[in-house]
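All ligand and atom numbering here is 1-based and tracks the order in the structure.
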Amino acid sequence: MDSQWVTIIEPFRIHSVEPIAMTTLEEREQELLRAGYNLFNVPGPRVLVDLLTDSGTGAMSSEQWAGLQRGDESYAGSASWFRFREAVRDLFPFQHVIPTHQGRAAEKILFSALGGPGRTIPNNTHFDTTRANVEFTGAEALDLPVPEGLVPSSRHPFKGNMDVDALRRVLAERDVPIVFVTLTNNSGGGQPVSMENLRAVREACGDVPLFLDACRFAENAWFVKLREPGYEDTPVPDIVREMAALADGMTMSAKKDPLGNIGGWLALNDDALAEQCRNLLILTEGFPTYGGMAGRDMDAIAQGLREAVDEDYLRYRIRSTEYLGEALDRAGIPVVLPVGGHAVYIDARALLPQIPPLEYPGQALAVALYREGGIRGSEIGTVMFGRRADGSEQPAPMELLRLAIPRRTYTQSHVDYVIEVCGHVARGAEAIRGLRMVEEPPALRHFTARFEPL
Ligand SMILES: Cc1ncc(COP(=O)(O)O)c(C=O)c1O
């Protein structure tokens with residue numbers, strides 16, 4: 001795009017639309033009651049602007065829809081598989097690509113092979129499914145973010161970085177079968193990891209394999225290009241390849257940056273480990289050339305991977321998230337700064353100081369935004385992370401409400417509406433009360449727990 005224009009436009013026009021049903025405040029109060037104040041229990045058609053997640057919720061391009069038509073559904077060795085594998089390897093040149101139905105299936109397979117009691121798996125910050133899959137094997141999931149990553153108002157450009165000194169200590173003292181780095185750091189505010197940090201982590205790992213949880217690799221690469229000296233002129237695909245070259249493998253949810261509605265993969269170089277993982281894949285997902293996906297999904301993802309690293313798209317993507325974050329910041333609403341790639345995170349602990357962590361300020365804020373304006377966000381705080389492996393309940397390091405932006409789905413006026421509703425809710429923040437959890441499943445409790453207002 002010519003650089004003299006300040007307005008960054010959506011680099012696409014709309015080709016097919018999906019109606020949004022309007023709801024009233026009274027209808028939304030009824031929905032909340034039915035849902036046990038858990039927005040995961042609210043039906044999608046009862047949501048006006050759905051910012052629950054950026055996972056699988058993006059709009060596909062016309063070329064991706066064309067890819068669905070090209071999909072080859074041969075059980076073994078379909079043409080879609082070869083196109084998918086080539087597109088993956090073009091950016092992530094690992095020896096083995098193991099297709100799965102989504103990211104957590106790749107995690108489950110990998111940690112079944114490498115986890116187990118007495119082991120520790122460090123990460124800058126584990127996402128919920130990653131943590132749950134590590135802990136399910138009896139291993140410890142250890143978060144090692146840099147200290148700035150835990151301070152919502154700190155303006156560090158790479159708050160997703162891993163604390164390398166802490167990693168060295170853990171590697172020296174514990175049984176560590178694998179180290180993970182999550183790009184970008186979803187639980188920590190969608191914050192990027194610098195190439196410099198990734199290099200230092202690589203060096204600290206020595207012979208211990210380093211894997212990337214690379215769901216938002218393109219957004220991370222764009223931040224490297226914008227913020228890390230020396231990368232201004234490097235094409236995004238080359239930045240991605242450089243990140244991949246520092247690692248021994250990766251897990252991927254293709255529902256994020258690869259612009260799929262479903263899908264994922266595990267990729268790695270180690271032949272013996274790959275063999276072990278493929279055997280597990282056949283047990284739970286499918287044959288190694290489709291894993292958990294239909295041929296058409298693999299074609300849509302192959303095309304999505306090419307679009308994900310397009311710089312006009314990334315400029316629009318990151319700027320539109322920033323637009324929401326900056327407007328909330330200007331309105332005096334505490335948000336994690338700098339604004340992350342795929343989401344804006346409101347600091348519910350700062351906005352609702354009257355609500356103690358064990359009365360779930362992030363969840364209370366999520367409920368208020370839905371009640372007032374039909375906006376659905378997601379708590380990333382004590383509801384998500386408060387139940388520890390030893391059974392105790394502890395406050396999470398941060399109490400955030402994440403407003404995740406589906407890719408290519410909402411327009412600026414939807415976002416302006418979100419800004420208006422957030423401003424209204426923040427002005428009435430003092431009156432918001434906490435919640436009590438009245439039903440809790442044994443794992444990943446945030447998905448199905450039920451609450452009552454206090
Ligand atoms: C950083 C990260 N890792 C892993 C996953 C799991 O991916 P999936 O939802 O496809 O299982 C997610 C999903 O939100 C994520 O954000």
Side-chain angles (χ1 to χ4, degrees), residues 39-40 50-58 88 92 98-112 121-136 141 143-145 149 159-162 178-193 211-221 223 243 247 249-267 281 284-285 291-293 297-298 300-301 304-305 308 321 340-345 376-380 384-385 400 402-407 443-444 446-447:
L39 300 182
F40 283 100
D50 202 348
L51 308 183
L52 184 70
T53 173
D54 64 321
S55 180
T57 52
V88 170
F92 304 99
I98 298 177
T100 59
H101 79 278
Q102 56 185 93
R104 69 197 67 186
E107 293 160 10
K108 167 88 180 134
I109 289 171
L110 184 66
F111 297 135
S112 299
I121 300 183
N123 200 323
N124 46 351
T125 309
H126 289 270
F127 193 60
D128 59 352
T129 58
T130 325
R131 168 171 291 279
N133 273 306
V134 168
E135 289 174 352
F136 189 73
D143 292 340
L144 299 176
K159 286 166 80 172
N161 283 353
M162 185 179 246
I178 188 168
V179 173
F180 255 79
V181 172
T182 306
L183 310 170
T184 56
N185 185 356
N186 187 6
S187 313
Q191 300 292 322
V193 176
F211 270 53
L212 306 176
D213 177 348
C215 305
R216 300 180 181 84
F217 69 96
E219 293 170 4
N220 200 93
F223 281 122
M243 295 189 304
M250 68 188 294
T251 55
M252 174 62 105
S253 168
K255 302 172 72 173
K256 280 80 171 181
D257 276 356
L259 293 159
N261 295 132
I262 193 72
W265 67 85
L266 167 65
L281 181 86
T284 59
E285 292 280 296
M293 283 182 282
D297 297 327
M298 292 192 281
I301 293 166
L305 279 171
T321 307
H342 67 293
V344 173
Y345 294 67
R376 174 155 72 170
S378 163
E379 191 260 13
I380 303 222
M384 189 177 271
F385 293 118
L400 304 175
R402 186 186 71 178
L403 302 175
I405 317 290
R407 293 171 180 77
L444 295 171
H446 53 290
F447 287 128

Under the 3.5 angstrom rule, does the side chain of D257 hit a backbone N or O of F217 as a donor-acceptor pair?
-> yes
Of all the non-hydrogen atoms in the protein, which one sits nearest to atom 13 (C) of ligand 1, and at what distance?
-> K256 NZ, 2.4 Å
Identify the closest protein heavy atom to atom 9 (O) of ligand 1: which residue and atom is it, and at what distance?
-> R104 NH2, 2.9 Å
Do you know which two heavy atoms are closest between H101 and I262, and how far apart they sit?
-> O-CG1, 3.4 Å
Closest to atom 15 (C) of ligand 1 among protein heavy atoms sits F127 CD2, 3.4 Å
Under 4.0 Å from one or more heavy atoms of D213, ligand 1 contributes atoms 1 (C), 2 (C), 3 (N), 4 (C)
What part of K255, side chain, backbone, both or neither, has a heavy atom within less than 4.0 angstrom of ligand 1?
-> side chain
Determine the interplanar angle of the F211 and F180 rings, folded into 0 to 90°, and report it as parallel if under 30°, tilted if 30 to 60°, perpendicular if over 60°.
-> tilted
Heavy-atom closest contact (G263 atom, M293 atom, distance) | CA-SD, 3.5 Å
Which atoms of ligand 1 have any heavy atom of Q102 under 4.0 Å away?
-> 8 (P), 9 (O), 10 (O), 11 (O)
Provide the closest heavy-atom pair for N186 versus Y345 in the form atom of the first, atom of the second, distance.
-> O-OH, 2.7 Å
Where ligand 1 meets T129 - atom numbers and elements under 4.0 angstrom, heavy-atom basis | 4 (C), 5 (C), 6 (C)
Do D54 and R407 pass the salt bridge (charged side-chain N to carboxylate O under 4.0 Å, His left out) test, and can you show the C-alpha distance, the side-chain angles, and the key distance before you say yes or no?
-> CA-CA 7 Å; D54 64 321; R407 293 171 180 77; 2.9 Å; yes
Could you list the atoms of ligand 1 found under 4.0 angstrom from a heavy atom of R216?
-> 1 (C), 15 (C), 16 (O)
Of the listed options S253, A343, A254, closest to atom 10 (O) of ligand 1 (non-hydrogen atoms) = S253
Quick one: does C215 get a heavy atom under 4.0 Å from ligand 1?
-> yes
T182 side chain to T184 backbone, donor-acceptor under 3.5 Å = no
Which atoms of ligand 1 are found less than 4.0 Å from any heavy atom of T182?
-> 1 (C)
Return the residue, atom name and 0.1 Å-rounded distance of the protein heavy atom closest to atom 4 (C) of ligand 1.
-> E107 OE2, 3.1 Å
Determine the sole option in E219, M243, Q191 for which the side chain to side chain contact (heavy atoms under 4.5 Å, CB included) test with L183 is passed.
-> M243
